[in-house]
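Here the structure comes first, spelled out in structure tokens, and everything after it is commentary.
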Amino acid sequence: MLNFSNTNVLLCVTGGIAAYKSAEIIRLFKKDGADVRVVMTESAKEFITPLTLQAVSGNEIHDSLLDVKAESAMGHIELAKWADIILIAPCTAESLAKITHGRADDLMGSVILASNATSYIAPAMNTTMWLDKSTQENFQTLLSRGMNFIGPDEGEQACGDVGPGRLVEPEKIVELIKSDLHKGPLSGKTITITAGPTREQIDPVRYISNNSSGKMGYALAEAAKLQGANVNLVSGPVSLTANKGINLFKINSAAEMLNKVIECMESSDIFISCAAVADFKPANYSDTKIKKEDSESLEINLEKNHDILSEVSKRHNSAYIVGFAAETANVNDNANKKLNSKNLNMIISNDVSDKTIGFDSDDNEVHVITENETIFLKKDKKIKIAREILNIIALNIKS
Ligand code: PMT
């Protein structure tokens, strides 16, 4: 099922009679998992109260460019960076003109100028105003710059006129944006991602494992899904749940992970090996619980597990293969060695000696390394890092 989970939507409401429909737009985005913030122009507040939109969105309304308090909480630049999607709905003739001319004399104009988010305009105005030459010129100018338009619809208007100028119904606006979002750069591609730790059993109650929480791998799976990919997530034991629409395969040991990955790679275009696979496993598994009364000390012989990543790169040289390097010293040098020895297209290095990133933290900071370049992604939430990694992969696959 397609949804907006982990998607930040900034709704800009301008002053037209259709402004009352913005509450429903917010409700629909939120129902599908989006975090919604609202910018209101001064005239929008004449048509619907900030209190209503605050209650529906669950976030404070943003309405002022020069308010010290508002700017210290989330200023216009932060708001512009926060948004993944900007929707101006309803957009009046005046706001359309303002956006066309890049005016930044209020919060909405400034945020739109300062943002790289995918933006949509849903116009709503009197039909004669919409058909007026200047509005049509503004419309064409914005279209030529790549702005996305939703509507307007035709029909009877609040003023009694009939023709184009009605706001497209909220359900349709939200559905259109959703299907656009999922038409992302990875649509048509199948990605297999590993996540979490593996467990190598010593006996029925004891095992060797590590501190991987699965957060990085699950974030990659979610970001890949949002970019339109078909996602297989092969996960070790973690306490996370995968979003709907992700094909989740739960395994315990490295051997089970290897088998499932090999099966998934039969129909995959991309492999991302994010799991912290145990390098060794006990050479002899004890069917019964090892009794401490039997001896004063215990020696466990370990043998090497298969290297899943190397195995995949050996078998699938037409797939795009991405490894992770969890390092504590000479991070990028060691990562580069793995890029070559495992014959990868890309390796993501992270310094796991830093407790604020890497294992079991919400954040990460990585270098994305390919034969041709090294891109530094500074410390951020794992979902943001995951999105950037997927963007780079999508670009590399295209070129
Ligand atoms: O799960 P989190 O708590 O969010 O933490 C994320 C993470 C730190 C686990 C992740 O960002 C990360 O670095 N994953 C790779 C962990 C690792 O095993 O790194 P490595 O340098 O030891 O291995 C190199 C690569 O070989 C990795 O892609 C690994 O998945 C793969 N590998 C290793 C051993 C093995 N037997 N099979 C493998 O496929």
Side-chain angles (χ1 to χ4, degrees), residues 191-200 208-223 233-240 242 251-262 264-265 270-281 302-316 319-369 377 379-386 388-390 393:
I191 305 191
T192 295
I193 298 169
T194 63
T198 62
R199 278 184 189 169
E200 311 303 325
I208 297 171
S209 191
N210 59 63
N211 290 330
S212 170
S213 62
K215 287 177 188 169
M216 191 69 237
Y218 277 60
L220 285 162
E222 195 163 327
L233 178 61
V234 184
S235 169
V238 295
S239 57
L240 303 173
I251 53 82
N252 276 308
S253 67
E256 288 167 11
M257 183 174 271
L258 176 68
N259 288 339
K260 190 42 88 178
V261 165
I262 284 176
C264 291
M265 284 308 294
I270 301 165
F271 178 55
I272 308 179
S273 184
C274 184
V277 185
D279 290 318
F280 294 93
K281 65 176 180 187
L302 300 178
E303 65 183 23
K304 247 191 175 163
N305 267 325
H306 278 290
D307 190 301
I308 301 171
L309 182 54
S310 301
E311 193 59 38
V312 171
S313 87
K314 227 183 285 160
R315 289 174 183 234
H316 296 276
Y320 195 86
I321 315 275
V322 181
F324 267 73
E327 303 294 340
T328 52
N330 303 322
V331 176
N332 283 357
D333 284 350
N334 289 332
N336 260 305
K337 282 182 195 146
K338 286 178 183 166
L339 178 75
N340 294 323
S341 67
K342 299 195 186 204
N343 198 18
L344 311 176
N345 298 96
M346 175 185 286
I347 193 146
I348 321 284
S349 69
N350 41 196
D351 181 350
V352 291
S353 67
D354 181 346
K355 296 281 176 255
T356 68
I357 59 169
F359 281 102
D360 199 18
S361 97
D362 290 337
D363 299 334
N364 210 352
E365 178 169 278
V366 304
H367 285 87
V368 179
I369 305 172
L377 301 181
K379 188 169 165 185
D380 210 333
K381 294 278 161 255
K382 282 181 174 166
I383 187 66
K384 293 267 181 192
I385 297 281
E388 297 204 42
I389 291 171
L390 266 306
I393 293 175

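Both counts, for ligands and for their atoms, begin at 1 and track the order of listing.
Below 3.5 Å of separation, one finds an N or O of K342 facing an N or O of ligand 1.
Two residues are said to be in side-chain contact when any heavy atoms from C-beta on lie closer than 4.5 Å; K379 and N364 fail this criterion. V234 is listed as a side-chain neighbour of C264, based on a closest heavy-atom distance under 4.5 Å. Side chains of N350 and F359 form no contact here, defined as non-hydrogen atoms less than 4.5 Å apart. Looking at F271 and H316, their side chains never come closer than 4.5 Å, going by heavy atoms from C-beta outward.
Residue contacts with ligand 1, taken as heavy atom pairs separated by less than 4.0 Å, involve S213 via backbone and side-chain atoms alike. Contacts with ligand 1 closer than 4.0 Å are made by side-chain heavy atoms of K338 only, the backbone lying farther away. Heavy atoms of N350 found under 4.0 angstrom from ligand 1 belong exclusively to the side chain.
Put simply, the side chain of T194 gets close to the backbone of C274: a donor and an acceptor are under 3.5 Å apart. A donor-acceptor pair is defined here as one N or O able to donate and one able to accept, closer than 3.5 Å; no such pair exists between the side chain of T192 and the backbone of V261.
For ligand 1 and G214, the ligand atoms under 4.0 Å from any heavy atom of the residue are 1 (O), 2 (P), 3 (O). Proximity to K382 (heavy-atom distance under 4.0 Å) selects the following atoms of ligand 1: 2 (P), 3 (O), 4 (O), 5 (O). Every atom of ligand 1 with a heavy atom of D360 under 4.0 Å away is listed here by number and element: 2 (P), 3 (O). Within ligand 1, the atoms closer than 4.0 Å to a non-hydrogen atom of S212 are 1 (O), 2 (P), 3 (O), 9 (C), numbered from 1 in the order shown. Atoms of ligand 1 found under 4.0 Å from any heavy atom of M216 (numbered from 1 in listed order, with element): 4 (O), 6 (C), 11 (O). Residue-ligand proximity, A325 to ligand 1, at heavy-atom distances under 4.0 Å covers atoms 21 (O). For ligand 1, the atoms sitting less than 4.0 Å from at least one non-hydrogen atom of C274 are 9 (C), 10 (C), 12 (C), 14 (N), 15 (C), numbered in the order shown with element in parentheses. The distance from ligand 1 to the heavy atoms of K215 drops below 4.0 Å at these ligand atoms: 1 (O), 2 (P), 4 (O).
At least one heavy atom of G358 sits less than 4.0 Å from an atom of ligand 1. At least one heavy atom of A276 sits closer than 4.0 Å to an atom of ligand 1.
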Margin query: Quick one, E327 with D333, criterion side-chain contact (heavy atoms from CB on, under 4.5 Å). Give me CA distance, side-chain angles, the key distance, then yes/no.
Written below: CA-CA 10 Å; E327 303 294 340; D333 284 350; over 6 Å; no
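In this model, no donor atom of one side chain and acceptor atom of the other lie less than 3.5 Å apart for K281 and S253. At a cut-off of 3.5 Å, with distance as the only test, a side-chain donor of N332 or S349 sits close to an acceptor on the other residue.
For atom 29 (C) of ligand 1, the candidate residues are S341, A278, A275; the nearest heavy-atom contact is made by A275. Closest to atom 12 (C) of ligand 1 by heavy atom, among F324, F271, F280, Y218, is F324.
At the shortest separation from atom 34 (C) of ligand 1 among protein heavy atoms lies D279 OD1, 3.3 Å. When hydrogens are left out, the protein atom nearest atom 37 (N) of ligand 1 is I308 N, 3.1 Å; that is the closest non-hydrogen contact. With hydrogens left out, the protein atom closest to atom 28 (O) of ligand 1 is S273 O, 2.6 Å, a heavy atom. Considering only non-hydrogen protein atoms, atom 39 (O) of ligand 1 sits nearest to L309 N, 2.9 Å. For atom 36 (N) of ligand 1, the closest non-hydrogen atom on the protein side is H306 O, 3.0 Å.
Atoms CD1 and CD1, from I321 and I347 in turn, are 12.0 Å apart once rounded to the nearest 0.5 Å. The CD1 atom of I385 sits 5.5 Å away from atom CG of D380, with the distance rounded to the nearest 0.5 Å. Here the CG atom belonging to N305 is positioned 4.5 Å from the CD atom belonging to E200, to the nearest 0.5 angstrom.
Closest approach of G323 to L309, counting heavy atoms only: CA-CD2, 3.6 Å.
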